[in-house]
Amino acid sequence: MFQISDIILGALSKSPANGYQIRRRINSDFAHFQSVSTGSLYPALSKLKARGAIAETGAGNGSLDSRTFAITDLGRTILRQVVQEAGADERLRSDFLAAIYFSESAGPEETARLIEERAGALNQEIRALLALPLRSMTNTERFTVRYALAVRRAGLEFLRHEGRAIATAIDIESRNNR
């Protein structure tokens with residue numbers, strides 16, 4: 001399973017970067033499968049540096065964003081091992097699915113609101129993925145974007161059909177139970 005430190009190594013395998021650039025790269029280029037906060041980025045960078053997986057250049061006593069980090073040969077070896085050990089599992093944690101699961105207790109309006117909100121978020125995610133510079137990406141990078149697009153489009157299509165049906169069914173059931 002990929003940890004944030006592995007994702008950082010992947011980001012640095014593209015080119016050296018400062019902390020801000022690493023965070024931006026992860027939160028934009030990798031947004032379809034990973035995000036990182038400042039609070040988790042810098043401790044992970046420190047651990048990677050201590051392990052010898054990355055090297056730091058720039059002002060050692062300057063701000064973190066004035067320091068540039070680069071992956072080392074050990075870091076490339078670690079990244080390669082993580083890729084080789086990774087399985088095909090996908091873990092989905094979804095506040096949306098948890099809320100929908102229990103939404104009957106809140107009524108049909110809440111279910112409909114959740115479905116509409118998720119459809120809007122999926123549309124935004126699709127637009128963001130379509131805006132990525134696919135022509136400048138490698139084949140594997142394009143594959144991840146296309147896969148993410150397919151999953152989000154399928155989710156949106158499902159919501160368009162099944163979402164309306166479940167909201168209607170809950171509405172009918174709540175009227176019958178009055």
For R51, does the CZ atom sit with more than 12 other heavy atoms under 6.0 Å from it, leaving out its own atoms?
no
Short question: side chain of E85, backbone of V82 - any donor-acceptor pair under 3.5 Å?
no
Decide whether L130 and M137 are clustered together by the hydrophobic rule: side chain heavy atoms of Ile, Leu, Val, Met, Phe, Trp, Tyr closer than 4.5 Å, transitively.
yes
Do you reckon Y147 sits in the same ILVMFWY cluster as L129, going by side-chain contacts under 4.5 Å, direct or chained?
no
Distance col, row I54:CD1 vs L12:CG, nearest 0.5 angstrom, shows 6.0 Å
I need the single residue from T57, I8, I22 that forms a side chain to side chain contact (heavy atoms under 4.5 Å, CB included) with F69. Which is it?
I22
When rounded to the nearest 0.5 angstrom, what is the spacing between CD1 in I100 and CG in D95?
12.0 Å
Restricting to non-hydrogen atoms, name the atom on I26 and the atom on A11 that form the minimum distance, rounded to 0.1 Å.
CG1-CB, 4.1 Å
Does S46 use its side chain to pair, donor to acceptor, with the backbone of Y42 at less than 3.5 Å?
yes
Side chains of K14 and E141 in contact at under 4.5 Å (non-hydrogen atoms):
yes
Between L149 and I126, is a side chain to side chain contact (heavy atoms under 4.5 Å, CB included) present by the stated rule, with each step listed?
CA-CA 6 Å; L149 271 169; I126 289 167; 3.9 Å; yes
So do L45 and K49 actually touch side chain to side chain, heavy atoms under 4.5 Å?
no
Between R152 and A148 (side chain of the first, backbone of the second, donor and acceptor by atom type, cut-off under 3.5 Å), is there such a pair?
yes
Between OG of S5 and CD1 of I78, what distance do you get to the nearest 0.5 Å?
8.0 Å
Say whether, by atom type as modelled, one donor and one acceptor occur between the side chain of T72 and the main chain of A53 under 3.5 angstrom.
yes
Could you go through R25 and S15, starting from their C-alpha distance and side-chain angles, then the distance that decides it, and tell me whether this counts as side chain to side chain donor-acceptor pair (under 3.5 Å)?
CA-CA 11 Å; R25 190 174 294 165; S15 65; 3.0 Å; yes
If you measure only the distance, is there a donor-acceptor pair under 3.5 Å linking the side chains of R113 and S103?
no
Can you list the steps and then say if R23 with T38 is a side chain to side chain contact (heavy atoms under 4.5 Å, CB included)?
CA-CA 7 Å; R23 185 167 172 252; T38 304; 3.4 Å; yes
Report whether Y101 and L159 are members of the same hydrophobic cluster (ILVMFWY, side-chain heavy atoms less than 4.5 Å apart, transitive linking).
no
Separation between CZ (R146) and CG (L134), nearest 0.5 Å, reads 9.0 Å
Between the main-chain N or O of N27 and the side-chain N or O of S35, is there a donor-acceptor pair closer than 3.5 Å?
no
I'd like to know if the side chain of D6 and the backbone of Q3 have a donor-acceptor N/O pair within less than 3.5 Å.
yes
Approximate separation, where rounding is to 0.5 Å, of L156 CG and H161 NE2
9.5 Å
All heavy atoms of T68 vs all of P16, minimum pair found to be CG2-CB, 3.8 Å
Between V151 and F2, is there a shared hydrophobic cluster once you connect ILVMFWY residues whose side-chain heavy atoms come closer than 4.5 Å?
no
Do the non-hydrogen side-chain atoms of R76 and S13 ever get within less than 4.5 Å of each other?
yes
Does the side chain of T138 come within less than 4.5 Å of R142's, by heavy atoms?
no
Kindly compute the distance separating CG (L79) from CD (Q84), expressed to the nearest 0.5 Å.
10.0 Å
Exceeds 12 heavy-atom contacts within 6.0 angstrom, atom CZ of F33
yes
Would you say V83 and I4 are hydrophobically clustered, going by side-chain heavy atoms of ILVMFWY under 4.5 Å?
yes
Do I166 and I115 have side chains that get closer than 4.5 Å, going by heavy atoms?
yes
